[in-house]
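Beneath this line is the structure, given in structure tokens, with notes to follow.
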Amino acid sequence: MSTTSYNCTNDTQRAEGLAHAQKAIAAKQVIVMPTDTVYGIAADAFSPQAVATLLAAKGRGRNMPPPVLIPRIGTMEGLATDIPDDARKLAEKYWPGPLTLIFHAQPSLTWDLGDTVGTVALRVPDEQLALDLLTLTGPLAVSSANRTGQPAAQTASAAREQLAESVEVYLEGGFRPLEGTDGVPSTIVDATGLRLRVVREGAISLAEIQRMIPSALGNEPEPEMWSPSADEETAPVEEPAEPAEPAEPAEPEEPAEPEEPAEPAEPEEPAEPEEPAEPAEPEEPDEPAEPEISTSSITEPEAGKS
């Protein structure tokens, strides 16, 4: 492959370079061109062979499909489906510009950009040389002009140092975005879900996107949805008990009539003192008993004696 570089700051070389690039794209080859962010390597988006050549030049696999650059916002309708209104608002504000929008791809398109899972990433670049080429060729699959893992090229000559002879045409347009500044990639917004999600924050900040679309999400993971445990799934669900009917308020009782105070009892008359008992007369002492004489102690004299 013969590689040719064109200095597109010169009008004559610019015209020649655009013509040569158009032929290279038609021949399923790849070219390098400036964009409003960094330099890109481009191929025919509808040619699986050309897209495979682009991925091989970068050292990238099919799991990292390239976005597609289009010349105008109206082209979006022919390539994408189910376009949310919020995504249209962003496209109308930032295109042409450093915003890439991911949509569901039109199912009728016969292209192979890699493992896209039925989606396509679209962008309108704010770079006149790129827009002029896109008008000639139609949508182009474009990725940053560098080997995977290396810094993105900010000039065509820097891209050539990395990609060498794998590219047919290099269109040199000077530093991108500006000399002395670092290359800033586009901001990527996924518009395939219920809410827009910023999956890569680049030249347009998440805060700026959210000022326009407050419901837009960042790239942080969403909290897990609650799910019942096994016990909760198998446990019977008790129906709430019907509320008891309120009891009818009891009729207030009539206050009891106050009892009449009892009449004070009459004081008892004091008892008359008892007369003291007369002292008992002393008993006369018993007379001493006369001593008894025992007859058994007297002995009769024996007969015949004197």
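The structure displayed is predicted, hence computed values, not measured ones.
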Could you check if a side-chain atom of [X] sits within less than 4.5 angstrom of a side-chain atom of [Y], using non-hydrogen atoms only?
{"X": "V198", "Y": "L217", "answer": "no"}
{"X": "F46", "Y": "P139", "answer": "yes"}
{"X": "M33", "Y": "Y39", "answer": "no"}
{"X": "L79", "Y": "T75", "answer": "yes"}
{"X": "F103", "Y": "T119", "answer": "no"}
{"X": "I41", "Y": "K58", "answer": "yes"}
{"X": "I209", "Y": "Y94", "answer": "yes"}
{"X": "L134", "Y": "I70", "answer": "no"}

Let me confirm one number: the [atom1]-[atom2] distance from [X] to [Y], rounded to the nearest 0.5 Å.
{"X": "T135", "Y": "Q128", "atom1": "OG1", "atom2": "CD", "result": "8.0 Å"}
{"X": "L54", "Y": "L140", "atom1": "CG", "atom2": "CG", "result": "10.0 Å"}
{"X": "W111", "Y": "T116", "atom1": "CH2", "atom2": "OG1", "result": "8.0 Å"}
{"X": "K28", "Y": "D44", "atom1": "NZ", "atom2": "CG", "result": "7.0 Å"}

State, to 0.1 Å, how close [X] and [Y] come at their nearest heavy-atom pair, and which atoms those are.
{"X": "P125", "Y": "A130", "value": "CG-CB, 4.2 Å"}
{"X": "L113", "Y": "A141", "value": "CD2-CB, 4.1 Å"}
{"X": "S166", "Y": "V30", "value": "O-CG2, 3.2 Å"}
{"X": "R60", "Y": "S143", "value": "NH1-OG, 3.3 Å"}
{"X": "H104", "Y": "T192", "value": "NE2-O, 3.4 Å"}
{"X": "A24", "Y": "I31", "value": "CB-CG2, 3.7 Å"}

Looking at D182, I want to see if its CG is surrounded by more than 12 non-hydrogen atoms of other residues, nucleotides or ligands under 6.0 Å.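 No, the 6.0 Å shell around CG holds no more than 12 heavy atoms from other groups.
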
Tell me whether M212 at atom CE has more than 12 heavy atoms from other residues, nucleotides or ligands lying less than 6.0 Å away.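 More than 12 heavy atoms, drawn from other residues, nucleotides or ligands, come within 6.0 Å of this atom.
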
Determine, stepwise, if the pair W95 / L122 fulfils side chain to side chain contact (heavy atoms under 4.5 Å, CB included). CA-CA 10 Å; W95 282 359; L122 302 178; 4.1 Å; yes

Is [X] reaching over with its side chain to a backbone N or O of [Y], donor-acceptor style, under 3.5 angstrom?
{"X": "Q106", "Y": "A80", "result": "yes"}
{"X": "E127", "Y": "L129", "result": "yes"}
{"X": "Q162", "Y": "P151", "result": "yes"}
{"X": "Q29", "Y": "A21", "result": "no"}
{"X": "E168", "Y": "T3", "result": "no"}

Looking at V124, D36, D126, which one forms a side chain to side chain contact (heavy atoms under 4.5 Å, CB included) with L131?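 Of the listed residues V124, D36, D126, the side chain to side chain contact (heavy atoms under 4.5 Å, CB included) partner of L131 is V124.
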
Please walk me through it: do T35 and L69 pass side chain to side chain contact (heavy atoms under 4.5 Å, CB included)? CA-CA 10 Å; T35 73; L69 297 191; 4.2 Å; yes

When you look at E172 and S5, which way does the side chain to side chain donor-acceptor pair (under 3.5 Å) test go after all the steps? CA-CA 7 Å; E172 180 64 79; S5 294; over 6 Å; no

Who are the side chain to side chain donor-acceptor pair (under 3.5 Å) partners of S47, not counting sequence neighbours?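 Scan of S47 (side chain to side chain donor-acceptor pair (under 3.5 Å), adjacent residues dropped) gives none.
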
With sequence neighbours excluded, what pairs up with T100 under the side-chain contact (heavy atoms from CB on, under 4.5 Å) test?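 Scan of T100 (side-chain contact (heavy atoms from CB on, under 4.5 Å), adjacent residues dropped) gives P67, A121, R123, S186, I188.
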
Quick check: is V189 connected to I73 through a chain of hydrophobic side chains (ILVMFWY, heavy atoms under 4.5 Å apart)?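 Yes: a chain of side-chain contacts under 4.5 Å links I73 to V189.
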
Grouping I, L, V, M, F, W and Y whenever their side-chain heavy atoms are under 4.5 Å apart, do L206 and L196 come out in a common cluster?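 Yes, because L206 and L196 connect within a single hydrophobic cluster, where side-chain heavy atoms sit under 4.5 Å apart.
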
For T37 and R176, test the side chains for any donor-to-acceptor distance below 3.5 angstrom and give the result as yes or no.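 No pair is found: no donor N or O on one side chain lies under 3.5 Å from an acceptor on the other.
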
Would you please test R197 and D190 for salt bridge (Lys or Arg N to Asp or Glu O under 4.0 Å) and show each step? CA-CA 5 Å; R197 179 184 292 277; D190 185 351; over 6 Å; no

How far apart are the C-alpha atoms of R14 and Y6, what are their side-chain angles, what is the distance that settles it, and do they pass the side chain to side chain contact (heavy atoms under 4.5 Å, CB included) test? CA-CA 7 Å; R14 186 180 192 276; Y6 294 89; over 6 Å; no

With a 4.0 Å cut-off on N to O distance, would you call R62 and D112 a salt bridge?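 Salt bridge flag = yes for D112 with R62.
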
Dump the intermediate steps for salt bridge (Lys or Arg N to Asp or Glu O under 4.0 Å) on R88 and E77, then the final yes or no. CA-CA 10 Å; R88 290 183 189 277; E77 304 292 341; 2.4 Å; yes

